[in-house]
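In what follows, chains are A, B, ... by sequence order, proteins preceding strands, each numbered from 1.
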Amino acid sequence: MSSAPTSTSPASNFIRTIIDNDLASGKHRAIQTRFPPEPNGYLHVGHAKSICLNFGLAADYHGLCNLRFDDTNPEKESQEYALAIQEDVRWLGFEWSGEVRWASDYFDALYAFAVELIQKGLAYVDDLSPEKMREYRGTLTQAGKNSPSRERTVAANLDLFARMKGGEFADGAMVLRAKIDMSSSNMNLRDPAIYRIRRAHHIRTGDKWCIYPMYDYTHCISDALEGITHSICTLEFEDHRPLYDWVLDNITIPCHPRQYEFSRLELHYTITSKRKLLQLVNEQKVTGWDDPRMPTISGMRRRGYTAAGIREFAKRVGVAKSENSVDMAIMEGAIREDLELRAPRVMAIINPLKVTITNFDGALTREADFHPNLPELGKREVAFASELFIEADDFAEVPPAGWKRLTLGGEIRLRHSYVMRCDEAVKDADGKIIELKCSIDHATLGKNPEGRKVKGVIHFLSCAHALPAEIRLYDRLFTVAQPDADKDGDFCKYLNADSLQVVQGWVEAAVKDAAPETHYQFERLGYFVTDRRDHQAGGKLVFNRTVTLKDSWTKEQA
RNA sequence: UGGGGAGUCGCCAAGUGGUAAGGCAACGGGUUUUGAUCCCGUCAUUCGUAGGUUCGAUCCCUACCUCCUCAGCCA
């Protein structure tokens, strides 16, 4: 399950153009990228795009890609998240260079560089309250004004910073700020805070530190220490690039990586904000981070999306700088394409209607391939008996125009079996059809009837041989394409109440011992996967619907 | 009203002074014991708008319009 479904040459994009130029000019002999998540949540489809980009670039250009945790805000971070992230990256099919890196590995170096900035008069300790600082910062259209602390002497700053580190001051009492320009039109350059005091237990450094460096200050230095050549992030960091460069230009460090930004991914009918995904989990709108409706990597995995399918999706959406909101159809197309190539076919019934074969005597079973084009996937015996289940949707007493399925007096092909005619529909007191009496043409096993053509093929199961299974039918999580378009509105009001439907259905006995995370195509219904958590091989069978098959018939009806 | 970005087919996305790639979707047809797959075909005289430069502009210039983004001691 590891090779990509198609391997066309990678599409051109602006980052590749930059790398091509850097390599051609000799600026770099090889590239080094990095994927730098904060371990404060599970990875989602947007991260998957970034992972495919960073690791993919490294692979294509024979470079390296690091996995680095941006663990500079201990209050939000956990070991659970860090572990889950590593598993997700590996599952997606990527291997990072060397050991996992942590920004916290650089805390000592970061502290030393901060001292250097202070010594150069480029950083100062400020005891303005957060409220005051906001006031001094000015607005988008008005310049800020200098803090009274800005002219503190180097010696005083050195002393204060050391005491900040030493734990002499309360959380929030003061910060270390870069001394840049309070009147800059770029807000990030108005003396940004680069260290704050926070007594929080850090997942790796424990209680060693009570001051923590900020993202803007940490990220560029981490990149430089790791020899990153191309530091790729999303567009909202574009305004931070001058600060990224300012820090590296003002400390003694030999390496100066360059930051490039691409637009973040938006997917129709879902959300890709960690904060909002966390809210869905906390408020139990979903069962957890790996709920199959979640756009998290673990959720998509549990849903049955394959790593190769997600990689193909990333390739199809490309990398650019324009805002985009991608159709779910692109994801579903990529997933179907991958599954089409590998998923064994079996029959399953979601909504059974009983069929009694009135001329069963002498009928035979037949062997069928698990995949029409992949004989190596093997065969199994398709049971046939006098009592069958067919999909209730496959019978219509008064069929619409164009109907190719079963109807009174009509005949269809039972998949891998006989041609069958419906002779009678048995109804209950309410007029509801509860059973069909049908007869088969004994001469049609494995061959077409003479003198007439049978238009439809439907799937079925022998009642006596079928196994009960819990089938979870998933639909989009939200009812609108862009649930968080309205920034102030509550995106939860667009939650799709019917995003999960659990039914008790029936499956072929051939899947009885399937391990968790086994993919199948239920013929004519869709791709399904055995649930990672709840399915038990040989025991309780639980299938998640990954995606339906393309269906030009219901589309035509609509 | 300040700064930084972006506007090419329904959704993505190449291209870049020489006359609009590709994918997805859609549509038409063929094959088919999955209304699936597969195969064949169709799908932007036009690149936000208006001017200008040029033999020639999506690409260069000017103005305008629209959208995104920035005022955390988050990342």
Problem - Nearest-Å distance for atom pair CD/P, residues Glu450(A) and U33(B) - result: 16 Å
Practice task
Using the test salt bridge (Lys or Arg N to Asp or Glu O under 4.0 Å), find all partners of Arg413(A) that sit at least two apart in sequence or belong to another chain.
Solution key: none
Handout entry: Residues forming a ring-ring contact (aromatic ring centres under 6.0 Å, His included) with Phe370(A), sequence neighbours excluded
Key = none
Exercise for the section: Using a 3.5 Å limit on both pairing distances, list the dot-bracket string of RNA chain B from the 5' end; Watson-Crick and G-U wobble pairs count, crossing pairs take [ ], interstrand pairs take |. Expected result: .((((((..(((.....[...))).(((((.......))))).....(((((..]....))))))))))).....
Handout entry: Charged N-O contact under 4.0 Å between Asp369(A) and Arg345(A)
Key = no
Practice task
Mind checking salt bridge (Lys or Arg N to Asp or Glu O under 4.0 Å) for Glu75(A) and listing every partner two or more places apart, or none if nothing turns up?
Solution key: Arg198(A)
Exercise for the section: Identify, with sequence neighbours excluded, every residue that meets salt bridge (Lys or Arg N to Asp or Glu O under 4.0 Å) alongside Arg68(A). Expected result: Asp223(A), Glu226(A)
Completion exercise
Applied to residues 443-457 of chain A, the salt bridge (Lys or Arg N to Asp or Glu O under 4.0 Å) test, sequence neighbours excluded, yields Glu411(A)-Arg452(A), Asp441(A)-Arg452(A)
Practice task
Would you mind listing every salt bridge (Lys or Arg N to Asp or Glu O under 4.0 Å) that reaches into residues 36-45 of chain A, with sequence neighbours excluded?
Solution key: none
Practice task
With sequence neighbours left out, write down each residue that passes salt bridge (Lys or Arg N to Asp or Glu O under 4.0 Å) with Glu556(A), or none if nothing qualifies.
Solution key: none
Exercise for the section: Could you note down all residue pairs passing ring pair (Phe, Tyr, Trp, His ring centres under 6.0 Å) where residues 160-185 of chain A supplies at least one of them, sequence neighbours left out? Expected result: Tyr111(A)-Phe161(A), Phe161(A)-Tyr195(A)
Exercise for the section: Quick one: which residue pairs count as a salt bridge (Lys or Arg N to Asp or Glu O under 4.0 Å) with a foot in residues 234-243 of chain A, not counting sequence neighbours? Expected result: Glu236(A)-Arg264(A), Glu238(A)-Lys321(A), Arg241(A)-Glu261(A)
Exercise for the section: Taking only heavy atoms on the protein side, list every residue of residues 185-199 of chain A lying under 4.0 Å from any atom of RNA chain B, sorted numerically. Expected result: Ser185(A), Met187(A), Ala193(A), Arg196(A), Arg198(A)
For nucleotides 23-25 of chain B, tabulate all protein N/O to nucleotide N/O atom pairs closer than 3.5 Å, reporting atom names and distance.
unit_1	atom_1	unit_2	atom_2	d
A25(B)	OP1	Lys550(A)	NZ	3.4

